[in-house]
Amino acid sequence: MSKRVRKAVFPAAGLGTRFLPATKVIPKEMLALVDKPIIQYGVEEAIASGIEHIIIITGRGKGAMEDHFDHSFELDAMLEKRGKRDLLAVSRNAASLARISYARQKEPLGLGHAVLCAKELVGDEPFAVILPDDVIDAQPPCLKQLIGVFEEKGGSVLATMTIEGPGISAYGVLAGSQDRKNPRIYNCTGMVEKPKLEDAPSKQAIIGRYVLSPRVFELLEQTKPGAGGEIQLTDGIKALLKEEKVFGYTFAGKRYDAGDKFGMLQATVEFALKRPEFGERFRSYLKGLNL
Ligand code: G1P
């Protein structure tokens with residue numbers, strides 16, 4: 001079994017109901033954050049973390065993603081004819097970012113089931129999972145931080161963040177204790193998907209970046225529907241925990257929930273402010289608003 005993390009699975013078959021009406025026809029992963037579809041941020045993060053093969057789990061009506069990561073012959077020919085070299089590079093870049101394979105999730109049975117759809121494409125090696133809704137601004141990239149911990153500790157690693165109060169119920173939550181040597185590492189003893197505040201075993205919420213042992217596939221095959229009646233990835237990893245080590249890792253960086261309208265607004269403002277072409281102009285514009 002290869003020990004290197006070479007493949008990343010992107011579950012992207014969800015219906016995106018939190019972002020209606022924009023997501024009635026457009027896949028939520030294709031919503032633009034400033035000028036780039038949110039899934040491209042995840043793909044770029046994966047590549048910057050050393051991933052060589054991207055596996056996107058799609059579903060009905062999600063074809064726009066495949067077109068996005070492909071050549072657009074008409075667009076490229078037109079840009080070339082008009083001498084728009086910069087735009088041509090941007091268009092071609094999306095198509096040549098990575099080796100991408102697609103697998104279909106035919107029924108919306110849950111995140112665990114979506115990841116299971118990548119079983120054959122991943123094979124018997126450790127792999128990453130990136131939830132494209134979670135856009136993470138971090139240097140080094142969040143997934144790279146996780147891979148570093150995986151290489152050092154030799155167990156599966158989940159990105160985590162501290163969440164105070166009732167908001168914790170929107171997440172998978174870890175049980176366990178902080179590592180004595182490295183306070184960013186959490187030694188997991190259990191986990192629960194979307195607990196009520198009073199049942200949450202800690203404030204350590206799982207964020208959408210994982211490095212997982214391939215054993216999780218077999219365990220997901222046996223996982224029964226859990227929270228929300230869905231086959232949960234958290235439940236599969238909880239089963240893995242009985243056989244192998246699993247760690248949480250408080251990544252350094254900032255996460256935005258771009259699958260949520262408010263989270264997308266926050267990300268839009270902060271990413272726009274960082275853009276060299278118009279960040280300053282946007283800053284003065286915001287300052288000029290009578291808030
Ligand atoms: C999923 C996972 C959950 C995790 C969250 C992070 O939930 O099931 O464990 O905390 O992503 O964004 P979802 O947001 O798909 O409901």
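Below, all heavy atoms of this structure are taken into account, side chains as well, without hydrogens, waters or symmetry copies. Whatever order the structure lists them in is the order used to number ligands and atoms, beginning at 1.
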- Sub-4.0 Å protein heavy atom next to atom 15 (O) of ligand 1: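 So far as the 4.0 Å threshold goes, atom 15 (O) of ligand 1 is out of reach of every protein heavy atom.
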- Message: In this structure, is the centre-to-centre distance between the rings of F247 and F150 below 6.0 Å?
- Response: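 Ring centroids of F150 and F247 are no less than 6.0 Å from each other.
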- Centroid-centroid under 6.0 Å between F262 and Y256 rings: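 No, too far apart.
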- Check whether any heavy atom of L131 sits under 4.0 Å from an atom of ligand 1.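 Contact present.
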- Separation between CD1 of I237 and CE of M191, rounded to the nearest 0.5 Å: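 One finds 5.5 Å between CD1 of I237 and CE of M191.
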- Could you tell me the separation between the CG atom of L219 and the CD atom of E244, rounded to the nearest 0.5 Å?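 Result: 8.0 Å between the selected atoms.
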- Query: Checking K194 against Y171: charged group under 6.0 Å from the ring centre and within 45 degrees of the axis?
  - Reply: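 The answer is no, since K194 fails at least one limit relative to Y171.
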Is it true that [X] and [Y] make a salt bridge, defined as a side-chain N closer than 4.0 Å to a carboxylate O?
X    : Y    : answer
D35  : R275 : yes
R4   : E52  : yes
R255 : D134 : yes

- Give yes if a backbone or side-chain nitrogen or oxygen of G172 is under 3.5 Å from a nitrogen or oxygen of ligand 1, and no if not.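 Yes; the residue has a nitrogen or oxygen that sits under 3.5 Å from a nitrogen or oxygen of the ligand.
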At a 4.0 Å threshold, what atoms of ligand 1 neighbour a non-hydrogen atom of [X]?
X    : answer
L111 : 1 (C), 2 (C), 8 (O)
Y171 : 10 (O)
T234 : 9 (O)

- Check each heavy atom of D134 against ligand 1 and say whether those closer than 4.0 Å belong to the side chain, the backbone, both or neither.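 Contact part for D134 vs ligand 1: side chain (C-beta onward).
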- Query: Under a 4.0 Å heavy-atom limit, does R255 contact ligand 1 with its side chain, its backbone, both, or neither?
  - Reply: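 It is the side chain that touches ligand 1; the backbone stays farther off.
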- So between I206, V192, V173, whose heavy atom ends up nearest atom 4 (C) of ligand 1?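 Answer by nearest heavy atom: I206.
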- Item | Per atom 3 (C) of ligand 1, closest listed option by heavy atom (E193, Q232, R209) |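 Shortest heavy-atom distance from atom 3 (C) of ligand 1: E193.
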- Can you pull out the closest protein heavy atom to atom 7 (O) of ligand 1? Residue, atom name and distance to 0.1 Å, please.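 It is K194 NZ, 3.2 Å.
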